[in-house]
Amino acid sequence: MLLVSEPNLGDDEKAALAEVIESNWITMGERVRAFELAFAEAHGAMDAVAVNSCTAGLHLALEALGIGPGDEVLVPSLSFVATANCVLYCGATPVFVDIESLDEPVLARSEAADKCNSRTRAVVVMHYAGAVVDGPAWRDFADRRGLALIEDSAHAVGAERGEIFGDAAVFSFYGNKNMTTGEGGMVIAPDPDVMDRVRHARGHGLTSSTIQRLAQRAAMYDVTMLGYNYRMTELSAAIGLVQLRKLPAWNSKRGSLTAAYRAVMERLCPEVIIPFSGQRNSSQRKSSHHILPAILPCGANPMAAMAALRDDGIQTSMHYPPIHSLAFYKERFPGVRLPLTEDFAARELTLPLHPKMEPSDVECVVGSLARHLGDDERNDGANGR
Ligand SMILES: *Cc1c(COP(=O)(O)O)cnc(C)c1O
């Protein structure tokens, strides 16, 4: 079976884990710190805070930026549910915003502007498929209105995108992301005060960590705020350090596989849209090429395509069921209508993309999709449609 995504783990990660076990220091030690600094450097930042998931990081970032009850936060609905959940964790209200277009499935700025009111305090942008959104435009959008700007960068790990433009950017190391630590996340904020608040809240608001108390022979700690246990283990950080070294080569392989998908799709299935098609001509648009979304022609059924490709040994998935259509959210926020997000989700199929693939796999996948869509068309003809 060709899988949609696969972690890349091997002897280097095993050796790194063995070292941690031999060291007998299993959580929040020197490897976590080394991972933070290495990750920050790879993303053009001075510092980073490691956490045990991107979800935890989004929660801490919103809280550190002062988001709380009564506040509204603009969010995409075309994202993983964590993007909206973290707003609810803070007691604030997510306000769902549509995407720009099928080819540009990221938060639409004009609609975001229309949905602003006196309660709006922040906007969360998500770099769908790893394609970094227009930083200067969003920075300007937030600054004009006095909003906090948060980047859900779960897809954009290692996108080589230059400086973080958000007030915080939060990354994910879940098993299907571009690099993994099993579970894990990282927060980068340009303002050192925000970083301090995130770091502090990560460990229950304690004034010192276990390793600091050992080094400084300090016996006691104090607690100065309501914090959480969002700490990262040394085991995760050790894997992260190894994965981070391999990330540039993996992302560049993802980039060439994406280019191959575009070329083969144009040849075999010209009616299928691969978003960010303008990207080919723009050196500005940075991407980590996290996933390969394909928008099927109007009327084609992604579930049928999914079944047909599975019969050919190809796994596919969908990114995403819109958050506003999930039962929990539909009940709490009834009547949300986002036509482009809904159209995108009804036609989207995510094709396999990971660095273990070769261009011949791309030919197989697109060939299988082309055969299926061709069959579909012939059946429609026979049914007199
Ligand atoms: C994976 C993902 C998250 C959550 O990441 P975790 O590390 O699993 O908490 C959040 N947002 C997006 C867009 C994601 O893809």
Side-chain angles (χ1 to χ4, degrees), residues 4-7 32 35-36 39 48-63 73-90 94 96-97 99 105-107 122-133 149-159 161 166 168-188 198 202 228-233 235-237 239-240 243-244 247 251 254 275-276 287-293 317-324 326 328-329 341 344-345 348 350 353-354:
V4 170
S5 70
E6 253 190 72
V32 169
F35 182 36
E36 289 176 340
F39 192 87
V49 180
V51 285
N52 55 18
S53 72
C54 175
T55 307
L58 286 167
H59 180 192
L60 294 183
L62 283 169
E63 219 177 64
V73 180
L74 303 166
V75 296
S77 178
L78 188 72
S79 185
F80 185 56
V81 67
T83 311
N85 281 353
C86 63
V87 176
L88 291 180
Y89 298 161
C90 295
F96 295 105
V97 176
I99 53 174
V106 297
L107 211 64
V123 54
V124 182
V125 294
M126 198 277 267
H127 306 298
Y128 184 92
V132 178
V133 303
L149 175 61
I150 294 98
E151 300 180 45
D152 179 339
S153 300
H155 290 196
V157 179
R161 35 74 59 90
V170 190
F171 300 82
S172 174
F173 311 128
Y174 184 62
N176 64 3
K177 298 303 196 309
N178 286 28
M179 60 168 275
T180 187
T181 61
E183 301 278 0
M186 196 72 83
V187 182
I188 294 178
V198 169
R202 165 184 66 180
Y228 307 90
N229 175 2
Y230 286 166
R231 296 180 302 244
M232 179 176 272
T233 69
L235 296 158
S236 294
I239 297 177
Q243 295 258 303
L244 186 62
L247 184 66
N251 281 1
R254 287 173 177 276
F276 308 108
S287 182
S288 63
H289 308 285
H290 172 54
I291 52 172
L292 200 294
S317 66
M318 287 169 184
H319 291 82
Y320 290 91
I323 299 175
H324 75 278
L326 304 172
F328 175 84
Y329 279 94
T341 295
F344 186 95
E348 195 269 346
T350 303
L353 178 67
H354 55 78

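All values derive from a computational prediction rather than experimental measurement. We count ligands from 1, going down the list as the structure has it; atoms in each ligand are counted the same way. The first residue of the sequence shown is numbered 1, and numbering continues consecutively from there.
Of the possible donor and acceptor atoms, none in the side chain of Asn85 sits under 3.5 Å from a partner among the backbone N and O of Val87.
Between the side chains of His319 and Thr350, a donor-acceptor pair is found at a separation under 3.5 Å.
Enclosure of atom OH in Tyr228 by more than 12 non-hydrogen atoms of other residues, nucleotides or ligands within 6.0 angstrom is indicated.
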**Message:** Between Val81 and Phe328, does the side-chain contact (heavy atoms from CB on, under 4.5 Å) criterion hold? Intermediate values first, please.
**Reply:** CA-CA 10 Å; Val81 67; Phe328 175 84; over 6 Å; no

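Under 4.0 Å from any atom of ligand 1, one finds heavy atoms of residues Ser53, Cys54, Thr55, Ser79, Phe80, Ala82, Thr83, Met126, Asp152, Ala154, His155, Ser172, Tyr174, Lys177, Gly184, Tyr320.
Ion pairing between Arg202 and Glu36 holds under the 4.0 Å rule for side-chain N and carboxylate O. The pair Arg161-Glu151 counts as a salt bridge, with a side-chain nitrogen and a carboxylate oxygen less than 4.0 angstrom apart.
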